There are 2 protein chains.
Amino acid sequence: MSRIEEIAKQAGVSRSTVSRVINNDPNVNERTRQRVLEVITLNNYVPNRAARKLAGGRTGIIGLVIPIRVASLFVEPFFPILVQSVTNHCNRLNHSVMLWLGEPERERRSITQILSNDLLDGVIVSSLQDRDPIVAALHQSKIPFVLIGSYPNSLPVSFVDIDNEDCTRQAVNYLIHIGRKRIATITGVQGSLVSRTRLEAYRATLADAGIEADENLIAEGGFVEEGGYAAMSKLAAHRPDAVFAANDAMAVGAIRYLREQGQRVPEDVAVVGFDDAPFAAGYKPALTTIAQPIAELGSQAVDMLMQLIDGEPEKPLTKVLPSVLVVRESA
Amino acid sequence: MSRIEEIAKQAGVSRSTVSRVINNDPNVNERTRQRVLEVITLNNYVPNRAARKLAGGRTGIIGLVIPIRVASLFVEPFFPILVQSVTNHCNRLNHSVMLWLGEPERERRSITQILSNDLLDGVIVSSLQDRDPIVAALHQSKIPFVLIGSYPNSLPVSFVDIDNEDCTRQAVNYLIHIGRKRIATITGVQGSLVSRTRLEAYRATLADAGIEADENLIAEGGFVEEGGYAAMSKLAAHRPDAVFAANDAMAVGAIRYLREQGQRVPEDVAVVGFDDAPFAAGYKPALTTIAQPIAELGSQAVDMLMQLIDGEPEKPLTKVLPSVLVVRESA
DNA sequence: TTGTAGGCGTTATCAA
DNA sequence: TTGATAACGCCTACAA
């Protein structure tokens, strides 16, 4: 509403002092501080973020970028939880969140421009494709940022991630453990590290167990329900007795196909998903799934970003959440 | 990356000219413009939004505020579609969208502060509660804003809305038309205009049809599935043969309850919802529902906001979308 | 502990 | 058609 000078005048001090009070500078007489504070609340004064940023300060705003199709954003339960977690954690730290949703293709450039445009103190980016230009742009700009999910590049970037390999191993080992021999997998989208990681872990786990790989038992589902359905229809010809789907949406699609074909789940074909998504709850106990600590991913990302913002560590930070995750067996 | 002065220097002109080019000022020699443009793209220059805003210009960013519980945001299909529509339309107009999600209680204040904080050219707000402080704050600040959904206050605000009354009348008349006599309703949340409007239209329609009102046939469901279930359990005692639920989530909850009680839908109890939500598709043909032109709501809101932004009409703009909506009968 | 003054990157006003 | 120059609101040395 009003400018800093008005506050200064009313409090009988200079701009600088008001600024110091606002920014919690310790070098202010306690009395003066109280007086200024009063005037501030009295006038309902809020410093102008644009000016503050321009003058080298912080806006107290961080960006959360989720560059995926908006439609899927609201379908995959991963994102709502993440958004919620990041938002809450930021608020707790007196920061605000700007959420950027972008259609993959079109928006990439403009988002990038804005991000590097000094309005934000920092940025959290989730769900990247390989070699996403956003990362390059962010890296080039001076804005602190952290990725959720690691990035398949040599660029030194900060990130938090879950232990995808370990999680996948748990899933596949579970299937092996219950005696399945022909374990298929439905993968996510091409060009995403998370998909590759899970696929490779699937292969490795089978290999470790001395089970021979069969490329016919691998199909891509693109992380969506229909994809899971379609993938299952292809896999079916090769008679798997188990399927590891890289997320619950595809697992549900696979189950739908299997049931339509008169197969029993899990008796004939056991299905393990990934996410422990609420929308898949109705498919239990047929569906077994892996839970991720999504909320913790979010808060960890925020913490890491804050570190980057106030101290600029020359080395990027990374953190892989230990997999406290377990295969949740059906009740 | 670089500052406007560098561009100016490289192009052999002054800051002012560069600024004019950036802002499409017609008073620039065509040759000069080309030259400047070249240098700009060459340097990958993007004007600093904070500075621009500070100097009285525009950031090209508009805020989309949806002050509801994040969880419900992703459950109700209304919001994803709205977000998508607003985003797309803004992009088409070379603007960017910042999405603000806020927990109802806690966030109200801080959001308000930031909104009136000069970073945004304008704001679109959806899903307000009655007497939401956001509206007052927005109104007090000088920032242009438009509401999606009308506001139950005497404050002169701009808004776009669907014709809730007409939609509701269609729904209830449909139930009357198919011969139902004891038509119940499940309402949304207290303190929201949309809930009241639909409830009143329900009453009015019954009255117009000469059907006596029965307060026992009215129950609140809070716009959520569980609420619809609970509401239906209360209504059941009063033997309705039809239910108009103020949204599909509650309609689905109601159907779930009815089925658990061994009732047939729609034979024993006909159910009409509101939204034509994808997630409710599985309940058709039992469920009949009303479709809203949500996407159009979004683009209309954007258009209206743009009008407010460049010309400041002294009178607020309002627009009620004609109800092209129809009760979609089950296939 | 407080005040002064310069500058952050743009736009807008006014001359030229 | 173009170029100085003063804001815009704040932060941060530097001085006092």
Side-chain angles (χ1 to χ4, degrees), chain A residues 1-37 39-40 43-61 113-114 116-121 141-143 310, chain B residues 1-37 40 43-61 113-114 116-121 141-143 309-310:
Chain A
M1 281 303 307
S2 39
R3 312 192 286 303
I4 197 174
E5 276 190 320
E6 297 202 13
I7 303 296
K9 192 185 300 175
Q10 284 191 39
V13 296
S14 71
R15 299 204 294 247
S16 325
T17 302
V18 176
S19 178
R20 290 191 190 96
V21 171
I22 292 170
N23 296 291
N24 279 316
D25 188 317
N27 293 39
V28 179
N29 181 294
E30 194 49 39
R31 257 159 135 170
T32 326
R33 158 169 285 127
Q34 289 310 326
R35 187 149 32 97
V36 173
L37 246 25
V39 179
I40 284 180
N43 290 49
N44 206 344
Y45 166 76
V46 182
N48 179 305
R49 309 249 179 183
R52 178 188 282 218
K53 188 68 185 183
L54 194 55
R58 293 178 191 160
T59 59
I61 302 176
Q113 289 182 167
I114 293 165
S116 54
N117 207 207
D118 270 340
L119 279 186
L120 276 23
D121 291 344
S141 80
K142 287 307 168 196
I143 193 168
D310 17 76
Chain B
M1 281 304 305
S2 40
R3 311 195 283 304
I4 197 173
E5 275 192 319
E6 296 201 15
I7 302 296
K9 192 185 299 175
Q10 285 192 38
V13 296
S14 71
R15 298 207 293 253
S16 320
T17 301
V18 176
S19 178
R20 289 193 190 95
V21 171
I22 292 171
N23 296 290
N24 278 315
D25 189 317
N27 292 41
V28 179
N29 181 294
E30 194 48 39
R31 256 158 135 170
T32 325
R33 157 168 286 124
Q34 290 309 327
R35 186 150 31 96
V36 173
L37 246 26
I40 284 179
N43 291 48
N44 206 344
Y45 165 75
V46 181
N48 179 305
R49 308 251 180 182
R52 180 186 279 214
K53 189 67 185 183
L54 193 56
R58 292 177 192 160
T59 59
I61 302 175
Q113 289 181 167
I114 293 164
S116 52
N117 207 207
D118 271 339
L119 279 186
L120 276 21
D121 291 343
S141 81
K142 287 307 168 197
I143 193 169
I309 291 176
D310 21 71

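Just so you know, these numbers use all the heavy atoms, side chains as well, and skip hydrogens, waters and symmetry mates. Order of the sequence lines sets the chain letters (A, B, ...), proteins ahead of strands, with each chain counted from 1. Because the structure is a prediction, the values reported are computed rather than measured.
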* To do: Go through the steps to decide whether B:Asn29 and B:Arg35 satisfy the test side-chain contact (heavy atoms from CB on, under 4.5 Å), and finish with yes or no.
  => CA-CA 10 Å; B:Asn29 181 294; B:Arg35 186 150 31 96; over 6 Å; no
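- Atom CG in A:Leu120 sits 5.0 Å away from atom CD1 in A:Ile143 (nearest 0.5 Å).
- The CD1-P distance, from A:Ile4 to C:dT4, rounds to 14 Å in whole Å.
- Contact check, B:Arg3 against C:dG9: a side-chain N or O comes under 4.0 Å of OP1 or OP2.
- Residues of residues 19-35 of chain B that place a heavy atom closer than 4.0 Å to DNA chain C, in numerical order, are B:Ser19, B:Asn23.
- For C:dT11, one of the phosphate oxygens OP1 or OP2 lies less than 4.0 angstrom from a side-chain nitrogen or oxygen of B:Arg52.
- Helix bend of the helix from C:dT1-D:dA16 to C:dA16-D:dT1: the angle between its two end axes, each built from five pairs, comes to 40° after rounding to 10°.
- With A:Asn48 contributing its side chain and A:Ala50 its backbone, the two residues share a donor-acceptor pair below 3.5 Å.
- Using modelled atom types, one side-chain atom of B:Asp25 and one backbone atom of B:Asn27 make a donor-acceptor pair closer than 3.5 Å.
- Heavy-atom distances to DNA chain D give each of B:Val13 and B:Ala55 a nearest nucleotide, and the one nearer the 5′ end belongs to B:Val13.
- Going from atom NZ of B:Lys53 over to atom P of D:dC10 covers 15 Å, rounded to whole Å.
- One donor-acceptor pair, N or O on each side, does fall under 3.5 Å between the base of C:dG6 and the side chain of A:Arg15.
- Atom CG in B:Leu54 sits about 12 Å away from atom C1' in C:dG7, given to the nearest Å.
- Straight-line distance from the CG atom of A:Asn48 to the P atom of C:dT10: 16 Å, rounded to whole Å.
- Looking at the side chain of B:Ser16, the nearest of the listed nucleotides D:dT5, C:dG3, D:dC10 is D:dT5.
- For the pair B:Glu5 CD and C:dT10 P, the interatomic distance rounds to 9 Å; values are reported in whole Å.
- Atom CD1 of B:Ile4 is separated from atom CD1 of B:Ile40 by 7.5 Å, given to the nearest 0.5 angstrom.
- With rounding to whole Å, B:Glu6 atom CD is found 10 Å from C:dG9 atom P.
- In this structure, B:Lys53 and B:Asp121 have side chains that are in contact, with non-hydrogen atoms separated by less than 4.5 Å.
- In this structure, the side chains of A:Lys9 and A:Glu6 stay at 4.5 Å or more apart for every pair of heavy atoms.
- For A:Arg33 and A:Glu30, the salt-bridge test passes: some basic side-chain N is under 4.0 Å from an acidic carboxylate O.
- In this structure, A:Val39 and A:Tyr45 have side chains that are not in contact, with every pair of non-hydrogen atoms separated by 4.5 Å or more.
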